[in-house]
Amino acid sequence: MAVKTLTIDGKAISAREEQTILQAARENGITIPTLCQLNGTSDIGACRLCLVEVAGIPKLLPACVTRVGEGMEVSTDSERIREYRKMIVELLFAERNHVCAACVENGHCELQDLAISVGMDHSRYDYMNPKCAVDITHPRYGIDHNRCVLCGRCVRVCDEIEGAHTWDFQGRGANTRTISDMFVPWGQAASCTSCGKCVQACPTGAIFRRGSTVAEMKKDRTRLDFIVTAREKKQWIA
Amino acid sequence: MDLNDLIEIAEKENAGAKPIRLRCCTAAGCLSQQGDAVKNALQQAVADAGMSDRVEVIGVGCMGLCSAGPLVKVDPDGALFEQVQPEQCASIIASLNGGGPASASVGSDDIPFFSKQHPIVLENSGRINPERIESYIATGGYQALYHSLRDMAPADVVEEISKSGLRGRGGAGFPTGLKWATVAKMTAERKYIVCNADEGDPGAFMDRSVLESDPHRVLEGMAIAAYAVGATQGFVYVRGEYPLAIARLKTAIQQARRMGLLGTQIFESPFDFRVDLRIGAGAFVCGEETALLRSIEGQRGTPRPRPPFPAQSGLWGYPTLINNVETFANIAPIVTRGSEWFSGIGTEKSKGTKVFALAGKVTNTGLIEVPMGTPLRTIVEEMGGGVPDGKVKAVQTGGPSGGCIPAAHLDTPVDYESLAKLGSIMGSGGMIVMDQSDNMVGVAKFFMEFCMDESCGKCVPCRAGTAQIHKILSKITDGLATSADLDTLRSLCEMVKSTSLCGLGQSAPNPVLSTLRYYPDEYQACIDGGATAEASA
Ligand code: SF4
Ligand code: SF4
Ligand code: FES
């Protein structure tokens, strides 16, 4: 096992060579905002919130998919990065219809938390107000596309952990939609095992348990972690 | 099949040629204007006149001057007929027999549009019949492959390409030899060659033309690459909107396979190389290499972060060499004529030639191939013949990823570095000329709309950012914007450029940024005057 030493925000740390900057930062108590990243699933570098600066490299690098390197000088909190992060969150809020006051996830939402952490109080961009569907054909769960941020966590958790691959995307650009099976209502998606992993994985109120009302939907990410890592951590041999 | 067989085929082909040959363009541009009817009418006229013994009519690929199509060229040293109509064909044939002048308009191939060109990639275009492998072999085709397999070690081939200074013609200009060397160094049980023919820039048709006019040249380049890096399977990823290119590639692959120039034991050597076609479904983003690879794998075509680069981990995780059509088309000539010959053309850092699709407000539109470093002015004013009634205002290069270069910079040599310095890029070779009637805000909006529609939707800055940029631009052209919107626009462009995942998003703001840089008053005028501007480009 090779170990690399590097600095993140001036703090000297060591990390295993296969670790990402994000993992190394977290182990050392340094928070880098993330959205598409979900422990236990593959990293796709899509939300761009975890971008960091590395000395000597002109491009910003996504911490979730960039491996640590010897002598790397990472900074996660420069003025420029803070501004870009804020812009990304504002773009997300303007893109669909995030009406927190009427959302099942209100108060437990990762997007909301992000907005608070980047200090956003309004979006400088015009709201796009797209028409998005709500699908409650599944007996236990529902998906509200108004709240979807297209992070792909449901897609990956379903494909990589449950092995069902019910979810995927269709369309391009702003018209991208999360779809079940070959674009059938969720309730008719034959591949869905109703395991509920996507419900836990979804960072916003987009996927929810039916019957939850405003602010009632709380998600438990530790259960996903458990499913993925319990074997190696021998957590069930109590 | 060995060298003697190749030479024999070539000799037979050349000996079979009749004294007078009429070349009719049958590439998509001329076909769309009844080029095939012209070819049939000519054939009929030859038969009617009883001249079949000494006159032949062949279909060839693009001759370049698409704006004057359908084109018919008489060999040897005969006229170049422009905008030929089927009714005029009888008189053209009669004129060969001394029957008075033809009724078709006669153009000249001694104009700068042709004489300033330096054809390497296009040297066979418009000369050979792209549907017959013999026609390609008659020009010395597949001898470079033979030479590589028989006289060179794989490492020698890589070395030769490196020394030539060839850089990727798909846009970014990465040194081709370095890419080849990387793939060659990887140890893997399998490697792949991919030819990127997913040409998607609006107004660009260089790759289509090469595939329609000289498909074997690309296949030969791929086979040489496969030998050099140790691959045995290749894919040509060509967009579904190019049915003729697809048909000709299919024919070409079949012919080459039948002659033992593709497939197993090529030239009776231990080298195997198979080529298959993959047809794109119309997503611009699939021209981005990682999205293209996913699409070949049968997945949704979305880019992924690099590293790992395809050279390390590409198709199904195996090392994959991916180059575009024009790059592969340069390979056989480099092997045949040597790296020194090639590196003697062009500029210090940009070697060889580049094919451009000249379009927009110029007299002569079509395809041209010029040495790197040719000044923009030569291309636009001399070869293109300038703007019909007016003046050049700007030249847009690099398509939706590029920028607008104002007329004041027309003396800039066209090479990778010089264009980048002006805030544009070489790109794959689209070149759109604009005159005074073009509003630059409208131009920027046109390209932004394209990128917004073509964003794959994976990463936030590109997906949501391009939509917001487009919205602000619409506000500006509608006369509803304020100066504050300009600041928002500028900062958003910078952000999308620096934070997007792939090249599409990273370059999408370029048309806006370059017009903001050179034409700020046009933006300001929209804001002050509430003027309405639409792209007429
Ligand atoms: S439904 Fe939820 S988990 Fe799935 S892409 Fe949308 S926001 Fe992400
Ligand atoms: S930059 Fe655009 S095209 Fe590229 S990954 Fe992001 S959304 Fe997709
Ligand atoms: S968490 Fe790294 S890009 Fe989303």
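The analysis underlying the following values was restricted to heavy atoms, covering all of them including side chains, and did not include hydrogens, waters or symmetry mates. So that the names make sense, note that chain A is the first sequence line, chain B the second, and so on, each numbered from 1.
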>> At a 4.5 Å cut-off on heavy atoms, which part of B:T466 comes close to chain A: side chain, backbone, both, or neither?
In response: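 Neither; nothing under 4.5 Å.
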
> Tell me, side chain or backbone of B:I472 under 4.5 Å from chain A's heavy atoms, or both, or neither?
Replying inline: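 For B:I472, neither part sits under 4.5 Å from chain A.
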
Should we count [atom1] of [X] as having more than 12 external heavy atoms under 6.0 Å?
X: A:Y127; atom1: OH; value: yes
X: A:E70; atom1: CD; value: yes
X: A:E17; atom1: CD; value: yes

>> With side chain to side chain contact (heavy atoms under 4.5 Å, CB included) as the criterion, how do A:V149 and B:V460 come out once you've worked through the C-alpha distance, each side chain's angles and the decisive distance to 0.1 Å?
In response: CA-CA 9 Å; A:V149 291; B:V460 184; over 6 Å; no

Spacing of [X] atom [atom1] and [Y] atom [atom2] [to the nearest 0.5 Å]:
X: A:R80; Y: B:T499; atom1: CZ; atom2: OG1; answer: 9.0 Å
X: A:F169; Y: B:T302; atom1: CZ; atom2: OG1; answer: 9.0 Å
X: B:C462; Y: A:L91; atom1: SG; atom2: CG; answer: 11.0 Å
X: B:L501; Y: A:R48; atom1: CG; atom2: CZ; answer: 4.0 Å
X: A:C36; Y: B:K458; atom1: SG; atom2: NZ; answer: 8.5 Å
X: A:R124; Y: B:L492; atom1: CZ; atom2: CG; answer: 8.5 Å

> Could you walk me through whether A:I88 and B:M495 pass the side chain to side chain contact (heavy atoms under 4.5 Å, CB included) check?
Replying inline: CA-CA 9 Å; A:I88 291 175; B:M495 177 265 196; 3.2 Å; yes

> Given the options A:A174, A:G171, A:C151, which has more heavy-atom pairs under 4.5 Å with chain B than any of the others?
Replying inline: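 Heavy-atom pairs under 4.5 Å are most numerous for A:G171.
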
Quiz: residues 279-291 of chain B side-chain donor-acceptor pairs under 3.5 angstrom, not counting sequence neighbours:
residue, atom, partner, partner atom, Å
B:E288, OE1, B:T290, N, 2.8
B:E288, OE1, B:T290, OG1, 2.6
B:E288, OE1, B:A291, N, 2.9
B:E288, OE2, B:T290, OG1, 3.3
B:E289, OE2, B:R306, NH1, 2.7
B:T290, OG1, B:R304, N, 3.1

Chain B contact via [X] - side chain, backbone, both or neither, heavy atoms under 4.5 Å:
X: A:F93; result: neither
X: A:L150; result: both
X: A:D43; result: neither

> Donor-acceptor pair, B:Q468 side chain versus A:D126 backbone, under 3.5 Å?
Replying inline: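 Confirmed, B:Q468 side chain pairs with A:D126 backbone.
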
> Does the side chain of B:S491 come within less than 4.5 Å of A:M87's, by heavy atoms?
Replying inline: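 They are in side-chain contact.
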
> When you look at A:E95 and B:R463, which way does the side chain to side chain contact (heavy atoms under 4.5 Å, CB included) test go after all the steps?
Replying inline: CA-CA 9 Å; A:E95 184 180 31; B:R463 180 185 76 227; 2.6 Å; yes

> If you take all heavy atoms of B:P461 and A:C47, which pair is closest and at what distance?
Replying inline: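 Taking every non-hydrogen atom into account, CD-O, 4.3 Å.
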
>> Show, in sequence, the C-alpha distance, side-chain angles and deciding distance for A:Y84 and B:E494, and conclude whether the side chain to side chain contact (heavy atoms under 4.5 Å, CB included) test is met.
In response: CA-CA 9 Å; A:Y84 284 168; B:E494 290 297 346; 4.2 Å; yes

